[in-house]
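Each remark here refers to the structure printed beneath this line.
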Number of protein chains: 2
Amino acid sequence: MLHGILHYAHYLLESTIEKDETVIDATCGNGKDTLFLSNVVGANGHVLAFDIQAQAIQTTKQLIEDHQKTNVSVIHDSHENLEKYLPTKEMLIGGAVFNLGYLPKSDKSIITNAASTISAINTILHYLKTNGLIVIVVYYGHQGGQEEKEAVLKHVMQLSQRSYHVLQYRFINQKNNPPFIIAIEKRKRRY
Amino acid sequence: MLHGILHYAHYLLESTIEKDETVIDATCGNGKDTLFLSNVVGANGHVLAFDIQAQAIQTTKQLIEDHQKTNVSVIHDSHENLEKYLPTKEMLIGGAVFNLGYLPKSDKSIITNAASTISAINTILHYLKTNGLIVIVVYYGHQGGQEEKEAVLKHVMQLSQRSYHVLQYRFINQKNNPPFIIAIEKRKRRY
């Protein structure tokens, strides 16, 4: 059976992230991906979860607490600044997830934007382990969504095919701008 | 790790086709997918393998013989006519694969074309089992390839989302028109 978008996003993350790794939820929102990542990396792993919205931070903190997780840092800041929250400059990131768009059931005018998304992607690519993935779930039906979608696609399409595989996974017979996935895999360097 | 195109095509077929089913290789070409399907359905299954080119038929027959497979019918006819090779009108097809383009190392002017491809897709969808897949590997770098690609995409994009999931799986940062996958899944009817 074909995986739906959210299921496929989790499948990709789960199949590449190892126990004990440090991983990024760049847009923690309702916290569901944060909790998922927390389970994937295990008690000795670490999840850095970012959001610019107080409501998202609060919801995620509550969810993490309810599940008694101690391996998550919920950070009220833009993912654009994620580098300053990394413990060392030598560390490797095991994987990362983005959900582009707005926080469900919240203010639709607060949305991710292309410039900070692209900046965060570039930072993560720098620290990403070989064969690691950035999984981006692109929602774009809202106002401003098309522009972000176009800009992010344009950016990832020009990533060197020697250094990265960039996959688009999308259902093409659905109405109402269904979300799709972009997955960026860091390839082994060949000298 | 992200599956490459050919690997993902096989993964999809293998994950939905069951032993003993009847399946279709709509464009047998060098016979590799035919052999793969033959192994997936097992000795009591059946593969109907079509091609319009004598060279493809000969290569596929040889490959099947070399592997002592007895569950394959290699048919020198267009997939457009596949209905007449089905044993009964009540049968179910377990899955199907297409490789659109020309036969590698052969005459590049002999190519699949949109009209017969679409006709064969529609016939297979009629007989396809619930949750079964048609997997289409779209090569389009050759002369005439763009037109077929556009026409096939246009056709599958308008398939009802209540009846089918239509997935596109493609690498978007590669040069030279790399092949991509279209996968059509027949959904359970809801009454």
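Every chain is numbered from 1, with letters handed out A, B, ... down the list of sequences.
- When the heavy atoms of residues 126-155 of chain A are compared with those of chain B, the residues falling under 4.5 Å are N131(A), L133(A), L153(A), listed by number.
- Formation of a donor-acceptor pair under 3.5 Å by the N71(B) side chain with backbone atoms of S38(B) is found in this model.
- H79(B) and T27(B) form no side-chain donor-acceptor contact under 3.5 Å, judged by distance and modelled atom types alone.
- A distance of 6.0 Å or more separates the ring centres of Y169(A) and H3(A).
- Distance check, rounded to the nearest 0.5 Å: CD1 of I182(A) to CZ of F98(A) gives 10.5 Å.
- At distances below 3.5 Å, at least one donor-acceptor pair connects side-chain atoms of T16(A) with backbone N or O atoms of L12(A).
- Judged purely by atom type and a 3.5 angstrom limit, N173(B) uses its side chain to pair as donor or acceptor with the backbone of Y164(A).
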